[in-house]
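Take a look at the structure below.
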Number of protein chains: 2
Amino acid sequence: MKLSKRGEYALRALIDLGIAKELGRPILQVSELAAKEKLPVKFLEQIFAQLKLNGYVESKRGKLGGYSLAKPMTRIKFGTVIRLIDGPIAPIQCVSKTAYVRCSCPDEVHCGLRMLMLDVRNAIAKILDRYTLAEIVEITLRKLRRDKVTSPFLPPSTRLWPVLLPAVNARGGDWRELESLKQVSKKRRK
Amino acid sequence: MKLSKRGEYALRALIDLGIAKELGRPILQVSELAAKEKLPVKFLEQIFAQLKLNGYVESKRGKLGGYSLAKPMTRIKFGTVIRLIDGPIAPIQCVSKTAYVRCSCPDEVHCGLRMLMLDVRNAIAKILDRYTLAEIVEITLRKLRRDKVTSPFLPPSTRLWPVLLPAVNARGGDWRELESLKQVSKKRRK
DNA sequence: TTCAATCTATATCAGATTAGTAGACATTAA
DNA sequence: TTAATGTCTACTAATCTGATATAGATTGAA
């Protein structure tokens with residue numbers, strides 16, 4: 001069920017671009033981003049080229065150049081990006097909605113594996129097709145502020161580096177981060 | 001987010017063994033199973049060897065030999081089998097519960113990608129670690145009977161082959177099969 | 001003008017993984 | 001005895017992954 005490095009780096013890049021933009025730095029250099037996340041520069045360049053080709057980022061060449069987001073963060077969904085870079089989300093093709101291919105089993109309608117994988121693919125899609133870059137960036141910034149962590153991307157002049165790790169794990173509950181942050185006061189029911 | 005062919009075939013094999021057992025045929029030959037699902041025989045043999053090594057199936061050699069399930073279906077969880085054959089379920093290692101590895105990003109606690117992938121991994125695990133072979137087999141058999149389809153594995157003497165495809169898509173609602181079948185009459189709420 | 005920092009384009013590559021195939025051998029029921 | 005099975009070991013072709021290498025184009029600033 002793996003996300004490729006290529007996909008991972010692409011998402012990290014977009015998220016970082018988003019955070020930086022919110023902090024007043026609309027443009028980032030590949031080298032800077034690679035340094036921050038410890039990614040191979042040349043590989044990341046290839047990935048940016050692909051993202052540019054597909055309208056997610058735009059570039060500025062020459063000194064003080066770099067990449068910036070090419071469309072509103074609210075319109076960048078993670079599912080779409082992952083499908084672009086890693087292919088279909090479905091564990092097996094016969095349950096893919098965007099790239100269905102019939103499988104070799106004799107009776108697809110009564111296939112137990114298919115039923116199971118259909119649920120898996122839907123569970124994944126429900127998350128990846130729901131969250132936009134805007135939401136993830138917002139949640140991340142909120143967490144950074146909550147824990148009083150020096151933010152990663154400051155205007156070039158004042159940039160301090162590397163990020164200071166937070167002294168404590170601040171708030172418990174590492175699991176289901178997104179849900180816990182979104183549903184601030186949800187009614188519970190047994 | 002792919003399931004490998006190896007993993008897919010392993011699960012198909014277990015499900016078929018389960019169905020056959022319920023229908024009174026506790027042992028199946030590799031060749032028969034391969035023929036039914038149209039899988040390469042020799043490859044499937046390797047997979048069975050792995051399943052045997054890990055206590056999922058047992059074998060009987062010689063004429064009339066074959067493979068049978070080595071433990072109760074209620075104790076075979078899909079998550080465990082997939083982890084055995086395909087490795088961790090988590091899309092990236094830093095959100096794996098069974099095979100955690102720290103990633104290269106500077107601040108794991110405030111990593112947006114990690115938050116997102118944590119939710120994805122939990123959504124997948126919730127399904128794969130919940131359902132047992134017993135449940136999938138039961139649901140499959142119920143569907144087969146409901147649609148009056150000739151069942152795949154009959155006692156050797158009366159075996160008819162191949163399976164007849166059902167004339168109609170019988171009942172609508174191809175999506176979320178498992179849920180719809182389990183929660184027969186659940187109260188809904190807006 | 002010149003230079004250094006940036007993106008661009010193309011080629012190459014080592015290693016791992018995937019999805020098998022091939023063939024000889026061991027065991028067992030009929 | 002023989003035919004049908006599982007067992008074991010080796011091999012492999014193709015593809016994918018995760019890069020690296022090299023040369024070039026563009027631009028801002030000194």
Given the ring of B:Y56, does B:K71 sit roughly above its face, with NZ or CZ under 6.0 Å from the centre of the six-membered ring and within 45° of the axis? yes
Please give, in whole Å, the distance from C:dT8 P to A:L53 CG? 10 Å
Can you tell which of D:dG18, C:dT21, D:dA29 lies closest to the side chain of A:L64? D:dA29
Spacing between A:Q93 atom CD and C:dA19 atom P, to the nearest angstrom: 11 Å
More 5' along DNA chain C: B:Y9 or A:G62, using each one's nearest nucleotide? A:G62
Side-chain atoms of A:E45 come closest, of C:dG20, C:dC7, D:dG28, to C:dC7
Specify the separation, in whole Å, of atom CD of B:Q50 and atom C1' of C:dT18. 13 Å
Please confirm whether any donor atom in the side chain of B:Q46 sits under 3.5 Å from an acceptor in the base of C:dT21, or the reverse. yes
Below 4.0 Å: OP1/OP2 of C:dT8 and any side-chain N or O of A:S59: yes
Is the closest basic N to carboxylate O distance between A:E138 and A:R142 below 4.0 Å? yes
If you look at every heavy atom in B:V120 and B:P91, which pair is closest and at what distance? CG1-CG, 3.8 Å
Need one value for A:Y67: base, sugar-phosphate or nothing, where a base atom within 4.0 Å counts as base even if backbone is also close, heavy atoms only. sugar-phosphate
Quick one: B:I85 CD1 to C:dA19 P, roughly how many Å, whole number? 12 Å
Given A:Y67 and A:F48, is the ring pair (Phe, Tyr, Trp, His ring centres under 6.0 Å) satisfied, shown in steps? CA-CA 8 Å; A:Y67 285 96; A:F48 267 112; 4.4 Å; yes
Write down the distance between CG (A:L39) and C1' (D:dA19), rounded to a whole number of angstrom. 12 Å
Between B:V30 and B:V41, the two heavy atoms sitting closest are CG1-O, 3.9 Å
Take the protein atom CZ of A:F43 and the nucleotide atom C1' of C:dC7, then report the distance between them rounded to whole Å. 18 Å
Base, sugar-phosphate alone, or nothing: which one does B:K52 contact when heavy atoms must sit under 4.0 Å apart? sugar-phosphate
If each of A:K5 and A:R61 is mapped to the nucleotide of DNA chain D with the nearest heavy atom, which maps nearer the 5' terminus, i.e. the 5' end? A:K5
Give a yes or no on whether a donor-acceptor pair under 3.5 Å exists between the nucleobase atoms of D:dT22, that is its base, and the side chain of A:K42. yes
Between C1' on C:dT6 and CG on A:L33, what's the gap in Å once rounded to a whole number? 14 Å
Among C:dT8, D:dA4, C:dT6, the one nearest any side-chain atom of B:K63 is D:dA4
If the cut-off is 4.0 Å, is B:S4 near the phosphate of C:dT17, judged by side-chain N/O to OP1 or OP2? no
For B:L3 and C:dT18, give me the distance from atom CG to atom P, rounded to whole Å. 11 Å
